Structures are given as C-alpha cells and as structure tokens.
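Report on the following structure.
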There are 2 protein chains.
Amino acid sequence: MPRPASQDLTSAQERVARALADFERAERPGFIADLLKALRLAAESSLTPTLQKMARNGFVDILGGGAQGRSRVVRLTVKGRHALGIGGLPLLGSIPAGPLSEAVAQAAEIIEPGALLPHRPGDFLLRVRGESMIGDAILDGDLVLLRPGVAVPHKAIAAVCVGDDREGTLKRVFYENGGERVRLRASNPLFKDMTVAAERVHFAGLLKGVLRHVGSRK
Amino acid sequence: MPRPASQDLTSAQERVARALADFERAERPGFIADLLKALRLAAESSLTPTLQKMARNGFVDILGGGAQGRSRVVRLTVKGRHALGIGGLPLLGSIPAGPLSEAVAQAAEIIEPGALLPHRPGDFLLRVRGESMIGDAILDGDLVLLRPGVAVPHKAIAAVCVGDDREGTLKRVFYENGGERVRLRASNPLFKDMTVAAERVHFAGLLKGVLRHVGSRK
DNA sequence: TATTGAGTCGTGTTATTTCACGATGCAATG
DNA sequence: CATTGCATCGTGAAATAACACGACTCAATA
C-alpha cells in the first residue's frame, strides 16, 4: 500500500474517525478517555500523536487542553466526516449513473442538515392548509418558513392577516397607489384578488422557504 | 417576584442558559472552566449547584464527570433552548396574530434544524433543472431529497435513468404489464409519456422531499 | 418576623488528565 | 538493506477539575 497522501486517512486515523462518528451519532462529546476505551488503546500517548496529525490535516478539531489537567474534547470536522463518506447531504451535480460512492466523491457540495433551510432566530414554520397557493407550487400540507419583522417586497409572498382576521393566509403582495393600498393575490385562479388599505394589513412573515415531505417520514 | 415553577428558569439559571447558547452558537463545547469565565464566577462551586438543578429539571445535560479530575461538559437540551425561546423552528398552529413570543409558547412543535428533512445515510440532494415536474409543484431550482436503493412504489416520483442516459430526470413511475414495462410521466403536460422495458430503467433514487429557498439565502 | 430556597464564595482532598520523553514493532519506500 | 514515518506502549511530573463541606447574602414566602 502506498503511503497515503495528507488528504486521505491512514487506517488508524480512519479507525479514530469512525469512533468519533459513533460518538457524534450518540450525541456524546469525544472525551479522550472515552475514545481510548472505544478504541481499546492502553495509553493516552498511543492516541495523541495520531490525533495531532489529524488535527493538522483538518480532519478533527481538538478543543480544550493546552495545559496539563485540562481535558480535551475531539470532534470531527466537516472535512473529516466527508473523508468517511458520512454526514451531511451530498448535493450532486447530476443523477448518479455509476456507483454511488463515486458520485458522492464528486459532490459539488456537502450540506449539513442544519444548513438545509437557512433561518434566523424568530423565524417560524407554518403548515399550509388548502390549495390557495397551488399556482406557486405550494401544496396542502407543505411547511413554509416565514420570517417576521422584515419588509415585504413588491410581488413577494407573505403570510398576511387582514383586519381582525386571526387565521391569516399566504398571499402574494402587490403595492398600489404608492403604497396606500395592498392587493393580495392567491395564486390559485379560483380565488379572487383582494384589495385593502395598507393599514389594515398585518404581515405575519415573509416567505423564505418551502419544505415538503413525500411519502412516509424517515 | 414569585418563586418560579420548575418549568421556568430562575434569573441565574437563565444567565447560565444564555451563556450555554452562546457556546453553542460558537460551536464550542461547554466546559465548566469556560463557563465560569463567561459568567465571571469566582469558583466552580458557585456554578455546580445551579447546574445540578438545571439538569434535574431537564434544561441541560451534564456529560462526563462522575469522578474527580474528569471534566464535565454541559449542553443545553431541547427543553432548555425552548425555555430561552431560541433554537429550533417553532411549528405554529396558525399565523400568529398577536405578539410573537406568545405564539411561540403555544407552538405545536419545536423542530430542530437537523430534523427538518429526515434523511438516512446514502440519501442525496439534486438540484432540479427545468420545468418538467411543475405539475407536481417542483420548480426549476428546487432541491429534491432522493433515497437510492429502495423500492419505487407504483405512481411514486423517482429519479430515473433510461438505458445509457447519464443525466436522468425526475419522473412519476407507473408499472404496466405486471411490472414488465414502466411508464414514465413528467407532470408537465408538455412532455409526453415514455414507456420502456423494466430492465432498461435504473432508479437512482426515490423522491422523499422537496426544498425551496425563496429570495436571497440567509 | 421567621423560614425557606437559591445563589454565591472559600477551602481542602483526591483522582485524573495532559504533557514530554524515550523505546519498540511494523510497513512501505528508496 | 537502510531509512522514513506511523502507530503503539510505558513512565514520571505538573496541573487541574470534580467533589464535599460549611458559611454567607438575598429574595420571596408563610
């Protein structure tokens, strides 16, 4: 076997990385002591040099430490997870024709689950009821990500409440008369436009994303 | 101020929780020593009782420890993040009419970012090109979550490759002649159906989800 | 007013960890 | 065959963290 390049993991490094992946799956921090047990290593000094090499190559982060007695915690980086072929969702350029692992290696991007739908604090989800936005490819049962407290641009889709209406609906927003009046349009042609005074309209949130589960979950 | 119920955080507990949230945002593990510094507490014994109460009430997890010299790492639980009103996306029952915090408190569910689109190892994303699935509310530029290696049910949508075609497309799949032939239908009526022998069809993945970003990301 | 509990601080003990050093076996390379 | 790098193991010393204890303040209650 040729000596692996610094982009790859040596066999021992891969063993360490897999153990770290197990820790991550169990949502446990990667304490050195636990890692030692999982790898059945006798002494901490058997692990540290390997770990330091992995950290130098960017496969893991070593947090804490720096002084004697101060515990370290090891974590896989995105690069480390990628090197194992796990974690994150590969965003492929085209439908994979050959073996999957090959396609994953060519993945244009690896997207972490948490980054799938970028959101800020304050954002919220709403489950869409009814077919009123079917023309904008939003179906009954879809989840929509809404952002309150931001300006709703002309022609954008937002969750709006009119007057004392508590329920509210998704509508495409058009400003008319220099902003005095607001036209609300459902994208289903069966629904008619509604035009109301701007002060009677309350924007609950601007549409930032759409999410749909197909088939049974998981 | 009345003594808070065990479901709420006392002021000191909230301070600790906010510090932990900061750590989480910075993707740093919650070492006791770092926590002490962030809270400007003089001694570790000032923090431990508070932490233990929070752990008993399910706001934080204390990992590690158990023996002298073995470091602990503290992490906010989902309940803890919820108590701070941060983290996770609240799935609301209806559009919030009043103040947002009230609506969030009534949230039917708090969804962690990683659980938004449930996926298994091996799943991958593909960016949809073209308007061929517009009738199924999948637009140009949407991301679709595909699961390879599972059976494609009748009438389900899947990424398919026919023959030597490498590109592949999203199609709705119908089995005919007892499974001998497969009819592939784009949901855009401008595209015609295609019927091919089952052995010439390769399913790259079964559609499990659709994801759309609206407007600029972030 | 007395009581209760939370939060804070300090001290001492003890177990554990990190760190630094050297030594060995092994595989692949030149 | 000698060299190089990796992985493993052992030892010793220094430093630190957890743990347990008691004491104090402060607020809200009964």
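All values reported here derive from a predicted model rather than from experimental measurement. Below, chain A is the first sequence line, B the second, and so on; all start at residue 1.
- Leu41(B) comes within 4.0 angstrom of sugar-phosphate atoms only, judged by non-hydrogen atoms across all strands, and of no base.
- Salt bridge absent: Asp123(A) and Lys208(A) never bring a charged side-chain N and a carboxylate O closer than 4.0 Å.
- Counting any heavy atom pair closer than 4.0 Å across all strands shown, Ile32(A) reaches sugar-phosphate atoms only and no base atom.
- Contacts of Arg40(A) with the nucleic acid, taken as non-hydrogen atoms under 4.0 Å apart, are absent.
- Heavy-atom distances to DNA chain C give each of Gly69(A) and Thr50(B) a nearest nucleotide, and the one nearer the 5′ end belongs to Thr50(B).
- Here dC19(C) is the nucleotide among dA7(D), dA17(D), dC19(C) with the atom lying nearest to any side-chain atom of Gln68(A).
- Residue Ser46(B) has a polar side-chain atom (N or O) positioned under 4.0 Å from OP1 or OP2 of dC9(C).
- Looking at the side chain of Ala42(A), the nearest of the listed nucleotides dA6(C), dA17(D), dG10(D) is dG10(D).
- Listed nucleotides: dG10(D), dC19(D), dT18(C). Nearest to the side chain of Arg72(B): dC19(D).
- Here the side chain of Lys53(B) is nearest to one of dT8(C), dA7(D), dA6(C), namely dA6(C).
- Salt-bridge formation is detected for the pair Arg25(B)/Asp22(B): a Lys NZ or Arg NE/NH1/NH2 atom is positioned less than 4.0 Å from an Asp or Glu carboxylate oxygen.
- Atoms CD (Glu44(A)) and P (dA15(C)) sit 20 Å apart, rounded to a whole Å.
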